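The model shown is predicted, which means the values in this text are computed figures rather than measured ones. Numbering of residues begins at 1 and proceeds along the displayed sequence. Computed from heavy atoms alone, side chains included, the values below leave out hydrogens, waters and symmetry copies.
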Amino acid sequence: GDWQYEFIAGTRNECVQRLMNGEIDLLPGVLDTAYQRARFDLVAHSMGDTTLLLAARNGVGTLQTGKNLRMGYMPEIYDGMDPGLRTFARSEGMTFQLENYGYERALMSDFEDEKLDGFITESMGMRTNVPLVGAFRNAPAYLAVRKGNTALLQELEMAADQMHLAIP
């Protein structure tokens, strides 16, 4: 693309806000959920995969309680109960009550206050201070541009097409 890059450091939330405000042009590692598609345009080819994981307060012991677990999730990571999670839950003999959180801070606050047994996270944004208890799906991650920035989206898609033709 003969582009010049400037990398701007920031938290995930800061970078999302910068993209939405037009302060940056591109955000990598965005998962394809309905929530994300409403906010951004995604390049058609994925840039790689991330793994959706379950994190739980007491590690694997949480799964062995046999109770209905309250699990939080963020809509930018996960759309809701999918076959992979249902299969995982069934294989562990458990059930989930999923709670949708609009803000990571609220999710983590409820987790720390023991209102949640665990939460869904992904390997690119994995927290090292919470025990992981299982992986249930690989999910493609994409480059995202500001909604309606069709010129940049088309350029990125042409570049991705050329890369995939050269190295399928």
Open item on the list: Would Asn13 and Tyr103 count as a side-chain contact (heavy atoms from CB on, under 4.5 Å) here? Give the steps.
Closed with: CA-CA 9 Å; Asn13 289 337; Tyr103 298 97; over 6 Å; no
- [ ] Please assess Met71 against Phe119 for the test side-chain contact (heavy atoms from CB on, under 4.5 Å), listing each intermediate value before the final yes or no.
- [x] CA-CA 5 Å; Met71 303 297 281; Phe119 55 90; 5.8 Å; no
Open item on the list: As a quick check of understanding, evaluate side-chain contact (heavy atoms from CB on, under 4.5 Å) for Val16 and Arg39, giving each step before the final call.
Closed with: CA-CA 10 Å; Val16 163; Arg39 301 189 320 164; 3.5 Å; yes
Task: Stepwise side-chain contact (heavy atoms from CB on, under 4.5 Å) check, Cys15 with Ile8 - done: CA-CA 8 Å; Cys15 292; Ile8 299 173; 6.0 Å; no
- [ ] Take Asp32 and Gln36 through the test side-chain hydrogen bond (donor to acceptor under 3.5 Å, both in side chains) and record every step on the way to the result.
- [x] CA-CA 6 Å; Asp32 185 6; Gln36 297 292 51; over 6 Å; no
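In this structure the side chain of Met20 reaches within 4.5 angstrom of the side chain of Phe40, judged on heavy atoms. A 4.5 Å side-chain heavy-atom check between Leu107 and Met74 finds at least one atom pair inside the cut-off. Residues Leu54 and Leu132 fail the side-chain proximity criterion, which asks for heavy atoms closer than 4.5 Å. Here the side chains of Leu69 and Gln97 are not in contact, with every heavy-atom distance at 4.5 Å or above.
Tyr142 and Met163 are not part of a single hydrophobic cluster, where members link through side-chain heavy atoms under 4.5 Å apart. By the criterion of side-chain heavy atoms lying less than 4.5 angstrom apart, applied directly or through intervening Ile, Leu, Val, Met, Phe, Trp or Tyr residues, Phe111 is grouped together with Ile77 in one hydrophobic cluster. Leu27 and Tyr35 fall into different hydrophobic clusters, where Ile, Leu, Val, Met, Phe, Trp and Tyr are joined by side-chain heavy atoms under 4.5 Å apart, directly or via other members. When the side chains of ILVMFWY residues are joined at heavy-atom separations under 4.5 Å, either directly or via intervening members, Val30 and Leu152 end up in two distinct hydrophobic clusters.
What you find for Pro75 and Thr33 is that their closest heavy atoms are O-OG1, 2.9 Å. Nearest heavy atom pair, residue Glu155 against residue Trp3, reads OE1-NE1, 3.0 Å. Nearest approach of His45 to Ala160, heavy atoms of both residues: CD2-CB, 3.6 Å. Leu42 and Ala144 make their closest contact through CD2-CB, 3.7 Å (heavy atoms, listed as atom of the first residue, atom of the second, distance). In terms of heavy-atom proximity, Pro140 sits nearest to Asp49 at CA-OD1, 3.3 Å. Across Pro131 and Gly59, no two heavy atoms sit closer than the pair CB-CA, 3.6 Å.
If you take CD on Gln4 and CD on Glu6, they are separated by 10.5 Å, rounding to the nearest 0.5 Å. The distance from atom CG of Leu52 to atom OH of Tyr73, rounded to the nearest 0.5 Å, is 12.5 Å. Of the inter-residue distances, the one linking Leu19 atom CG with Asp25 atom CG reads 8.0 Å to the nearest 0.5 angstrom. In this structure, Glu23 CD and Glu14 CD are separated by 10.5 Å, a value rounded to the nearest 0.5 Å. Between atom OG1 of residue Thr11 and atom CZ of residue Arg18 there is a gap of 7.5 Å, rounded to the nearest 0.5 Å. Taking OG1 from Thr51 and CG from Asn138, the interatomic distance works out to 4.0 Å, rounded to the nearest 0.5 Å.
For CE of Met158, the number of neighbouring non-hydrogen atoms (other residues, nucleotides, ligands) closer than 6.0 Å is 12 at most. The environment of NZ in Lys147 is crowded: more than 12 heavy-atom neighbours from other residues, nucleotides or ligands sit within 6.0 Å.
With Thr50 contributing its side chain and Ser123 its backbone, the two residues share a donor-acceptor pair below 3.5 Å. Under the 3.5 Å distance criterion, the side-chain polar atoms of Asp79 are matched with a main-chain donor or acceptor of Ala34. Side-chain atoms of Asp41 come within 3.5 Å of backbone N or O of Gly148 as a donor-acceptor pair. Under the 3.5 Å distance criterion, the side-chain polar atoms of Arg57 are matched with a main-chain donor or acceptor of Leu116. Checking side-chain atoms of Glu157 against main-chain N and O of Gln154 turns up no donor-acceptor pair under 3.5 Å.
Using a 30° and 60° split on the angle between ring planes, Phe7 and Tyr5 fall in the parallel class, below 30°.
A salt bridge between Arg70 and Asp117 is absent, with no side-chain N of the basic residue lying under 4.0 Å from a carboxylate O of the acidic one.
A distance below 6.0 Å separates the ring centres of Phe136 and Tyr78.
Qualifying side chain to side chain contact (heavy atoms under 4.5 Å, CB included) partners for Leu26, counting only residues two or more places apart in sequence or in other chains: Leu143, Val145, Leu156.
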